[in-house]
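Notes follow the structure.
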Number of protein chains: 2
Amino acid sequence: MQARSGRSVTSKVLALLDAFGPTEPALTLSELARRAGLPLPTAHRRVAELVAWGALERGDDARYRVGLRLWEVGSLAPRGLGLRELALPVMEDLYEVTHENVQLAVRQGLELVFIERIAGRHAVPVLTRVGGRFALHATGVGLVLLAHAPAEVQEQVLAGPLDRYTELTSTDPKRLRRQLAEVRRVGYAISDRQVTMDALSVAAPIRGPDGVQAAISLVVAYDRADPLALAPLVQAAGRVISRALSGPHGR
Amino acid sequence: MQARSGRSVTSKVLALLDAFGPTEPALTLSELARRAGLPLPTAHRRVAELVAWGALERGDDARYRVGLRLWEVGSLAPRGLGLRELALPVMEDLYEVTHENVQLAVRQGLELVFIERIAGRHAVPVLTRVGGRFALHATGVGLVLLAHAPAEVQEQVLAGPLDRYTELTSTDPKRLRRQLAEVRRVGYAISDRQVTMDALSVAAPIRGPDGVQAAISLVVAYDRADPLALAPLVQAAGRVISRALSGPHGR
DNA sequence: ACCCGCGCTTTCACTGGATGAAAGCCGACC
DNA sequence: GGTCGGCTTTCATCCAGTGAAAGCGCGGGT
């Protein structure tokens, strides 16, 4: 009567894929069924098809994991590996010059997704993961992406609860709104200890044919940070990638 | 036209995903339907669901592309980004030392899939793509992966047609079989101009708890190649990654 | 050795989501 | 402003999908 029937097969398949996450990379059939909200036999049949195709793989421990075939298809996402291919050389240059963490992210709905990252061995450890998500209102890349997002997206983020990560995180909509205006005005964003108290990030937009498509940032230890000196470097990197994005891949 | 009915919905959804490829990253609905072998209305409905979930995205040009959500899920594949995370630092070290192209690949069925690559700016251009596939019998990584594959896989590859890329490609099963035995004996593989006449690659296995899981290689210009000097470096890198693979990520 | 119990797999009769021919719609190009 | 190609919606039909229940297999306890 409730969600029993009236659910498309496709949505069930997608629910099964949704069951996986960074913290749950391997699941038994029962766990999968429970997470996807499906009866066990149903899950069993769908999963069997997904395994046959390669979307999932079954380990020797009888747990299922995301399969390589799905990774392959996912790697065709223009905003995923496509963007990465263009940005990586520039990110490497930026790393060579600064030896700090370099991050690349895009906006997905009301969150951001990290596309690529160069983790400096001697830089502050970054807790984010490639393929991982994060809120838009705290990180440098987040502020850039939010500042250039459609008004409707900005309003939703400003209206929603703004998680606090440190005492410096902007959880006041008024203050955040001012910050976003500033980001648009100067063309870069500085997130000063808004995620962790020991780090600061400087981010710049990457523009494509239809506005800001992504953001690039440096994450540096707070005590040796000189954000105003780094900003031009990050901005320059952003512009180089923007050019590559508008060039050969002109949609 | 023939496979009318008797086809599961799941297989249709997967056929739609399969329609995308490196050379066709953006498809119209009709193209998708044709490639997936589906009637147009059927494709339309399935695609609409995939777009709603984020597996596909619809551009302003009315073409569909692989969506970021699918990339996110794909990035959870242990043999994809998971392996990459472990291997990348070691690959970077290898690049620092040699300044040559570094590649990481795993076997998927009777082919290999490139997981990661560091393309040296001044090294020979590599034509492969991260997420791309290639035959097992020509490249360095391919020879390593094939040499340590289950006997059944080896037989299928040896029996099947062996594409020739250059005059040096091993297309004779007997010769290939000898090469594979040699690869197992010495613990590394050298592919001498078997893919292109201007390059050579040296590859070593990456071992996990259940045998060889992946392979790492250097691709260098033929005229400045000293494969015997490079082999120990590549092998050492393979061993470091092997250790990381067997360590924290037990199972 | 035997039993017990917990997950996975298979069966089977029923049903509603999926289907595709056909008709409707929309924008592009002539 | 008319025609064409491609996308979207409709609707009666039907088979793929469903899930309760029974069957299987293995590991752990006694």
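The structure presented is a predicted model; accordingly, all values stated were derived computationally and were not measured. So that the names make sense, note that chain A is the first sequence line, chain B the second, and so on, each numbered from 1.
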Problem set entry | Pair B:R34 + B:E31: basic N to acidic O under 4.0 Å | no
Exercise. With sequence neighbours excluded, what pairs up with B:L110 under the side-chain contact (heavy atoms from CB on, under 4.5 Å) test?
Worked result: B:V153, B:Q156, B:V157
Problem set entry | Qualifying side-chain hydrogen bond (donor to acceptor under 3.5 Å, both in side chains) pairs with a residue from residues 81-91 of chain B, counting only residues at least two apart or across chains | A:E116-B:R84, B:R84-B:E116
Problem set entry | Pair of N/O donor and acceptor under 3.5 Å linking C:dG20 base with B:R45 side chain | yes
Exercise. Which nucleotide in the list D:dT8, C:dG20, C:dT10 gets nearest to the side chain of B:T42?
Worked result: C:dG20
Problem set entry | Contact under 4.0 Å: B:S8 side-chain N or O vs D:dA16 OP1/OP2 | no
For this session: May I have the distance from B:D61 (atom CG) to D:dG6 (atom C1'), rounded to whole angstrom?
Result: 14 Å
Exercise. With B:P41, which residues qualify under side-chain contact (heavy atoms from CB on, under 4.5 Å), at least two apart?
Worked result: B:P39, B:R45
Exercise. Whole-Å distance between D:dT8 P and B:L32 CG?
Worked result: 12 Å
For this session: For B:Q154, check side-chain contact (heavy atoms from CB on, under 4.5 Å) against everything at least two apart and list the hits.
Result: B:L146, B:A149, B:L180, B:R184
For this session: Return the 5'-most residue of the pair B:P41, A:A62 with respect to DNA chain C, ranking by each residue's nearest nucleotide.
Result: A:A62
Per-pair distances, 0.1 Å, donor-acceptor, side chain in residues 50-59 of chain B, under 3.5 Å, sequence neighbours excluded:
| residue | atom | partner | partner atom | Å |
| --- | --- | --- | --- | --- |
| B:W53 | NE1 | A:D18 | OD2 | 3.0 |
| B:E57 | OE2 | A:R79 | NH2 | 3.3 |
| B:E57 | OE2 | B:L68 | N | 3.1 |

For this session: Look at A:K12 and D:dT18 and indicate whether a side-chain polar atom (N or O) is within less than 4.0 Å of OP1 or OP2.
Result: yes
Exercise. Would you say D:dT8 has OP1 or OP2 under 4.0 Å from some side-chain N or O of B:R58?
Worked result: yes
Problem set entry | Interatomic distance, B:L27 CG vs D:dG6 P [rounded to whole Å] | 15 Å
Exercise. B:L29 has an atom CG; how far is it from atom C1' of C:dG27, in whole Å?
Worked result: 16 Å
For this session: Send over the distance from A:R7 CZ to C:dT15 C1', rounded to a whole Å.
Result: 18 Å
Problem set entry | Between P of C:dA23 and NE2 of B:H44, the distance in whole Å | 19 Å
Problem set entry | Ion pair check, B:R63 and B:E24, cut-off under 4.0 Å | no
Exercise. Which parts of residues 46-53 of chain A get close to DNA chain D, meaning a heavy atom less than 4.0 angstrom away?
Worked result: A:R46
Problem set entry | Distance, rounded to the nearest Å, where A:L40 contributes CG and C:dC6 contributes C1' | 11 Å
Exercise. What is the distance from CG of B:L16 to P of C:dT19, rounded to the nearest Å?
Worked result: 10 Å
